[in-house]
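Reading through the structure tokens given below for one structure.
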Amino acid sequence: MVSIRIKYLSDKIEKLRYIDGKSDWIDLRAAERVKLKAGEFRLIPLGIAMELPKGYEAHIVPRSSTFKNFGVIQTNHCGIVDESYCGDNDQWFFPALAMRDTVIDVNDRICQFRIFEHQPAISFDEAETLGNDDRGGIGSTGKN
Ligand SMILES: O=c1ccn([C@H]2C[C@H](O)[C@@H](COP(=O)(O)OP(=O)(O)OP(=O)(O)O)O2)c(=O)[nH]1
């Protein structure tokens, strides 16, 4: 079990819940009522700031039902929360683009996150040739 220090920046949202055995991913809630016109963009506050465990980052993605329920897409497709994003005012947000006129209410579950261990440190070693066979272009393995 890993514990995460969390600061709630809103008393209008329910506390985060990790549901053991259901899914690793933890739902996040809108901390504000947001009304968007089709084509409008907004950073929706999620009402939380966290100190992630050392060596971890968090990934935020939409819930599968987010588009069906709210008509918004996440503009960065997957949000990365760095370990250094850990101050009291480092509120997590969901960058939303409305594809239709829509209203997201306070406490609506609009996205989900889980933590991942950082990748190892990387150095880039430049080479004239990689010395491997080419795999072929994208889609070269066909459709079936
Ligand atoms: O969907 C997201 C993406 C990012 N963040 C927060 C956590 C992250 O650590 C910080 C900065 O994100 P990122 O590094 O991806 O943004 P940037 O555009 O590179 O800005 P910066 O100059 O702040 O690094 O914003 C979120 O709350 N939600």
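Numbering of ligands and ligand atoms starts at 1, following listing order. Values below: every heavy atom of this structure, side chains too, minus hydrogens, waters and symmetry copies.
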All N/O donor-acceptor pairs, side-chain side in residues 11-18, below 3.5 Å, sequence neighbours left out:
from	atom 1	to	atom 2	distance (Å)
E14	OE1	R29	NH2	3.4
E14	OE2	N107	ND2	2.9

Tabulate distances under 3.5 Å between N/O atoms of ligand 1 and N/O atoms of the protein, writing both atom names on each line.
from	atom 1	to	atom 2	distance (Å)
ligand 1	1 (O)	N76	ND2	2.9
ligand 1	9 (O)	D82	N	3.0
ligand 1	9 (O)	D82	OD2	2.7
ligand 1	27 (O)	F93	N	3.0
ligand 1	28 (N)	F93	O	2.9

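When atom types are taken as modelled, the side chain of Q74 and the backbone of I60 share a donor-acceptor pair closer than 3.5 angstrom. Panel note: side chain R63, backbone R109; a donor-acceptor pair is recorded below 3.5 Å.
Contact of the F94 side chain with the L28 side chain is not registered, since no non-hydrogen atoms from C-beta on lie closer than 4.5 Å.
Contacts of D82 classified as salt bridge (Lys or Arg N to Asp or Glu O under 4.0 Å), with partners at least two apart in sequence or in another chain: none. Listed by chain and number, the residues in a side chain to side chain donor-acceptor pair (under 3.5 Å) with D24 are R114 (sequence neighbours excluded).
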